[in-house]
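In what follows, a single structure is set out as structure tokens and then discussed.
All ligand and atom numbering here is 1-based and tracks the order in the structure.
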Amino acid sequence: MEQLVSGEAAKLLGQARRVVIFTGAGMSAESGVPTFRDALTGLWQQFDAQALATPEAFRDDPALVWGWYEWRRSAVGQARPNPGHLAVAAIEARVPSCVLVTQNVDDLHERAGSVAPVHLHGSLFAPRCSACAQPAEVPAGVTEEPAGGRRITPPRCTRCSAPVRPGVVWFGEALPEAALSAAVEAAATCDLLLTVGTSGLVYPAAEIPQVAARLGAAVIQVNPEETPLDHVAEVNLRGPAARVLPALVEAVWGGANRG
Ligand code: BV8
Ligand code: ZN
């Protein structure tokens, strides 16, 4: 039986009082949501995600970028939380204090039962006006988008009729102040940080695990691949989140579903 979790990891989580769980795109990979490393497909295959996720790309071709986010929102709508998301919610319910900080713009943590994930990079479900920032309607229900995607002209703001934009943080844009300070505060005062499915390359988010380690917390990394966080982590669990996290919960509390 392949050893997914080490005794060290189980001991650290079992004795932790103040936990931060920090997640990236790898957390949702096993739900079928592509990571940022995965090449784009269809209409966007000639583009790089970091180039599309910019205010400049939206200014130059709003229908292309809005179409991309509607395609992603549709994909997330058809996806389901995986056992990794459920294990995160189980850990939150079992440790004295836990703050979940995510770079993901999907709602799979919420759909898995996580109460208040801190979304550092915004959400696919919070569109707003690109000029006056007035919140805009999210078309109800799970939309069907063609597999290859399509251009969609963004709706107009009902107050100032400027184009509506996705409620995400684009490259070159500042993170929401409240979310960033809540994440830094939690990392600075935790005794254990669990980083799951992130390449640790995008800043300032990638600072969070480093703040925790610098201030004496233990860091456990869950990632099938090596990342720059390897040397920050006390324990590296090399495996997929949807298998490693349930195994970790089982090792500490003997099965997530036991009361
Ligand atoms: C800003 C929302 C300034 C949009 C996103 C310092 C150094 C260098 C560069 C910079 C720096 N400071 C700032 C920068 C510039 C830039 C940056 O970091 N560039 C990088 C690329 C070099 N940062 C910014 O632009 C930030 N803003 O700096 O503003 C400013 C300040 C004040 C005032 C005005 C301006 C904004 C960054 C946020 C951008 N928005 N998302 C959208 O989603 O469309 S970032 C986006 O990409 C995600 O949110 C996420 O953060 C990132 C992707 O990273 P990961 O989540 O880690 O995913 P990735 O695909 O990379 O890796 C997946 C990992 O999972 C892999 O390791 C893989 O092995 C693993 N995995 C795969 N399968 C599994 C798995 N793990 C477990 N289980 C599995 N099954
Ligand atoms: Zn407006």
>> Can you list every protein residue that has a heavy atom under 4.0 Å from any atom of ligand 1, sorted by chain and residue number?
In response: G24, A25, G26, A29, E30, T35, F36, R37, Q50, A53, Y69, R72, Q103, V105, H121, V168, V169, W170, F171, G172, E173, A174, L175, G197, T198, S199, L201, V202, Y203, N223, P224, E225, T227, P240, A241
> Are any of the side-chain nitrogens in D107 or R73 under 4.0 Å away from the carboxylate oxygens of its partner?
Replying inline: no
>> Strictly below 4.0 Å, N to O, side chains only: are R151 and D61 in salt-bridge contact?
In response: yes
>> Less than 3.5 Å apart, any donor N or O on the side chain of H85 or S114 sitting next to an acceptor on the other?
In response: no
> Between S74 and E70, does any side-chain donor sit less than 3.5 Å from a side-chain acceptor?
Replying inline: no
> Which protein N, O or S atoms lie under 2.8 Å from the Zn ion (ligand 2)?
Replying inline: C129 SG, C132 SG, C157 SG, C160 SG
> Any idea which heavy atoms bring V5 and L248 closest together, and the distance?
Replying inline: CG1-N, 3.6 Å
Side-chain donor-acceptor pairs of residues 187-199 under 3.5 Å, sequence neighbours excluded:
residue : atom : partner : partner atom : Å
T189    : OG1  : R18     : NH2          : 3.3
T189    : OG1  : E185    : O            : 2.9
T189    : OG1  : A186    : O            : 3.4
D191    : OD1  : R17     : N            : 3.3
D191    : OD1  : R18     : N            : 3.1
D191    : OD2  : R17     : N            : 2.9
D191    : OD2  : R18     : N            : 3.3
T198    : OG1  : Q103    : NE2          : 2.9
T198    : OG1  : G200    : N            : 3.3

Run the side-chain donor-acceptor check on residues 123-133: report pairs under 3.5 Å with partners two or more places apart or on a different chain.
residue : atom : partner : partner atom : Å
S123    : OG   : F125    : N            : 2.8
S130    : OG   : P163    : O            : 2.5

> When rounded to the nearest 0.5 angstrom, what distance separates CZ in R165 from SG in C157?
Replying inline: 13.5 Å
>> If I take atom CH2 from residue W66 and atom CZ from residue F58, how far apart are they, to the nearest 0.5 angstrom?
In response: 7.0 Å
